[in-house]
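Heads up: the structure comes next, in structure tokens.
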Amino acid sequence: MSSKVRVRFAPSPTGPLHIGGVRTALYNYLFAKKHGGDFVLRIEDTDQNRYVEGAEDYIIESLNWCGIPFNEGPGKEKGHGPYRQSERKDIYREYAEKLIASGDAYYAFDTADELDEHRKDHEEKGKTFIYNWHNREKLKNSLSLSQEEVEKKLEADEDYVIRFKSPQDETLDLKDVIRGDMEIDTNILDDKVLFKSDGMPTYHLANIVDDHLMKITHVIRGEEWLPSLALHFMLYRAFGWKAPEFAHLPLILKPQGKGKLSKRDGEKMGFPVFPLEWKDPKSGEISAGYKEEGYLPEAVVNMLAFLGWNPGTEQEFFKLEELIAAFELERVHKGGAKFDPEKTKWFQQHYIQEADNDILADEFQKQLEKKEIKADKKYISEVVALIKERVVFPKDFWDQGYFFFIAPTSFDPKDSKKAWKEDTGQLMQELAEFLKSIDNFEAEALQEKVKTWIKSKEIGFGKVMMPLRIALVGALQGPDLYKIAEFIGKEESIDRIEKAVETLK
Ligand code: GLU
């Protein structure tokens, strides 16, 4: 690659960023980092009707949370800004006019009502109205009207749009890094609007002009933009600019059934489709986010990386650095990628095991504080190490480890029935007495003593260990019982046994 790689993520701030958008950003980021390039964020906010308050901040926070920040964009000016299209308004008209001058675009004065008429007319005849080569000479535009008429209309400030003049009878050769070469017959293309009567460019014009001015070398975006590729290609040609390389990423599909993954799929099946929680500024409706559900960004990033790409090896766990090293656009799939919420959990389970115990302990400590439980950070961290393997989300820490902090407040009825028999109370009372005689409560030493004691009674281990677990934990769950006893200490262990004997009489 000759010039420095520059890619951009160009979302429209019309609401929260869907995880499909995050994947687009991720692939752009990986590609940029791999080639020592720049990752630009451009906010495409030319459609003021669809602008949503807070969406831009949400996009930026999402990228930051995922650990894939842009290095150039709003607030990070690097000489190619401004990076919000609404702040670049004045630039676009000049380029639209250039295309008129070169004969690649034209003014069209047809009113919305007139176009509606044409559409209806066509529908009645079972046809679709397309504004292009086959009828543009008959419509109201600078190709059909005399120059004088056109000037009169412009002077009279009549509403107009500027349309691209798609060529007739031409086969375009389009290239896409992922999809390979494609041929498009220009006769099926319509003359897209580039510039609107409100003085704003459409997506197509603004997007191409900005990619050019911002020196973008690779356009990596979702498959939904593939139908625009022919027009974009023709625009580059009309301007006489070198087109960037294009790569259209596959759709993200529903876990079940056909079609694109939607917000509703997530709601129905109970998984987020947004990186962060989002509160709709108008309706107040809240949509779940991966962050707030307790997912680690590493898990979300690893999952997204595999939605449409694979390294061609067996390896599935990839930290960001490894993804950067392994990522290749050529290995992105053409076909849609089925979203699998269980797979995300699987990644999550892996990364929570990898996470630093002290960091997880911070999180657990916050939960404990909410319950007004004070505990030493070191102690919490040691508990985390013991119960971590049973945990998928930080919120599971309490369920898996409450008994390290409080005595059980109840005894699971089913488990108690299984573990606590008629003679258990007596036996546990004896055990409590025996424990009083033991000074060293470290798990290993304790285990030896208790085992010898059980053997001397000539009874099965389960007869003691199960009710002991009920007494210390309140249910038949949790890590090594001797570790629990060591952690809560001699006095508390004996107290809990006596309380269980009292309660389960
Ligand atoms: N503004 C478009 C979007 O919202 C950008 C598409 C592109 O990357 O060209 O996705």
Side-chain angles (χ1 to χ4, degrees), residues 5-11 16-43 55-76 78 83 218 220-222 249 252 271-278 288-311 315-329 332 337 339 343-363 366 392-394:
V5 164
R6 285 176 57 80
V7 296
R8 84 308 192 266
F9 177 50
L17 185 61
H18 186 277
I19 46 161
V22 183
R23 185 200 54 179
T24 301
L26 173 65
Y27 284 18
N28 273 285
Y29 175 89
L30 295 176
F31 186 77
K33 295 293 147 190
K34 170 145 195 165
H35 297 285
D38 297 323
F39 174 43
V40 180
L41 176 70
R42 183 173 71 229
I43 300 294
E56 181 184 316
D57 288 342
Y58 179 95
I59 291 164
I60 294 173
E61 277 169 36
S62 299
L63 299 183
N64 290 343
W65 180 70
C66 288
I68 53 168
F70 58 96
N71 62 299
E72 185 175 326
K76 293 185 189 170
K78 296 268 167 69
Y83 297 92
H218 295 74
I220 304 168
R221 61 185 174 193
L249 308 178
I252 297 180
F271 62 84
V273 298
F274 300 113
L276 314 177
E277 192 173 271
W278 167 260
Y290 277 92
K291 178 182 174 204
E292 290 75 10
E293 295 282 303
Y295 281 89
L296 295 165
E298 293 88 340
V300 174
V301 163
N302 202 153
M303 174 273 287
L304 287 176
F306 272 75
L307 268 186
W309 169 86
N310 75 63
Q315 187 183 346
E316 289 198 88
F317 297 120
F318 280 83
K319 300 235 170 73
L320 199 55
E321 289 306 313
E322 298 171 290
L323 283 174
I324 293 170
F327 186 76
E328 276 170 39
L329 271 182
V332 175
F339 188 79
K343 192 87 192 206
T344 326
K345 277 198 194 137
W346 182 75
F347 280 120
Q348 166 69 12
Q349 188 155 26
H350 171 79
Y351 283 105
I352 204 159
Q353 303 315 314
E354 300 257 295
D356 189 87
N357 289 349
D358 288 339
I359 293 175
L360 294 175
D362 280 338
E363 182 58 40
K366 277 186 216 143
V392 180
F393 298 105

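Nothing fancy with the numbering, it's 1 onward along the sequence.
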V300 and W65, any side-chain heavy atoms less than 4.5 Å apart: yes
Between H35 and V5, which heavy-atom pair has the shortest distance, and what is it? CB-CG2, 3.6 Å
Taking the side chain as C-beta and beyond, is there a heavy-atom pair between R8 and R221 under 4.5 Å? yes
Would you name the heavy atoms of L320 and G67 that are closest together and state the gap between them? CD2-O, 3.2 Å
Heavy-atom closest contact (F274 atom, L17 atom, distance): CD2-O, 3.4 Å
Non-neighbouring partners of E363 that pass side-chain contact (heavy atoms from CB on, under 4.5 Å), sequence neighbours left out: K366, Q367, P394
Counting heavy atoms not belonging to K33, are there more than 12 under 6.0 Å from its NZ? yes
Of all residues at least two apart in sequence or in a different chain, which pass the side-chain contact (heavy atoms from CB on, under 4.5 Å) check with Q315? T313, F318, E322
With sequence neighbours left out, the residues meeting ring-ring contact (aromatic ring centres under 6.0 Å, His included) with F9 are none
Would you sort out whether V273 and F339 count as a side-chain contact (heavy atoms from CB on, under 4.5 Å), showing the intermediate values? CA-CA 10 Å; V273 298; F339 188 79; over 6 Å; no
All ring-ring contact (aromatic ring centres under 6.0 Å, His included) counterparts of Y351, not counting sequence neighbours: none
For E354, which residues count as a salt bridge (charged side-chain N to carboxylate O under 4.0 Å, His left out) partner, sequence neighbours excluded? K319
Taking side-chain hydrogen bond (donor to acceptor under 3.5 Å, both in side chains) as the test, write out the residues that go with D57, two or more places apart. none
Tell me if a side-chain donor or acceptor on Y58 pairs with a main-chain N or O of L276 at a distance below 3.5 Å. yes
Residues 22-31, side-chain donor-acceptor partners within the protein, below 3.5 Å, at least two apart:
from : atom 1 : to   : atom 2 : distance (Å)
R23  : NH1    : P250 : O      : 3.1
R23  : NH1    : L307 : O      : 2.8
R23  : NH2    : P250 : O      : 2.6
T24  : OG1    : G20  : O      : 3.2
Y27  : OH     : A305 : O      : 2.7
Y27  : OH     : L307 : O      : 3.3
Y27  : OH     : W309 : N      : 3.4
N28  : ND2    : T24  : O      : 2.9
N28  : ND2    : I220 : O      : 3.0

Using side-chain contact (heavy atoms from CB on, under 4.5 Å) as the criterion, list what pairs up with N64, not counting sequence neighbours. I60, P69
Test ring-ring contact (aromatic ring centres under 6.0 Å, His included) applied to F70 - qualifying residues, sequence neighbours left out: none
Run the salt bridge (charged side-chain N to carboxylate O under 4.0 Å, His left out) test against K34 and tell me which residues pass, sequence neighbours left out. none
Can you tell me how far the CZ atom of F271 sits from the NZ atom of K345, to the nearest 0.5 Å? 10.0 Å
Could you report the tightest heavy-atom contact between I352 and V392, atom names first, then the distance? CD1-O, 3.4 Å
In chain order, what residues pass the salt bridge (charged side-chain N to carboxylate O under 4.0 Å, His left out) check against R6, with sequence neighbours excluded? D38, E72
I'd like to check the side-chain contact (heavy atoms from CB on, under 4.5 Å) partners of K343; sequence neighbours left out, ordered by chain and number. E316, D340, W346, F347
Distance-minimising heavy-atom pair for G308 and A337: N-CB, 3.7 Å
Side-chain (Y83) to main-chain (L41) donor-acceptor, under 3.5 angstrom: no
Heavy-atom pair of closest approach, residues Q348 and G294: NE2-O, 3.1 Å
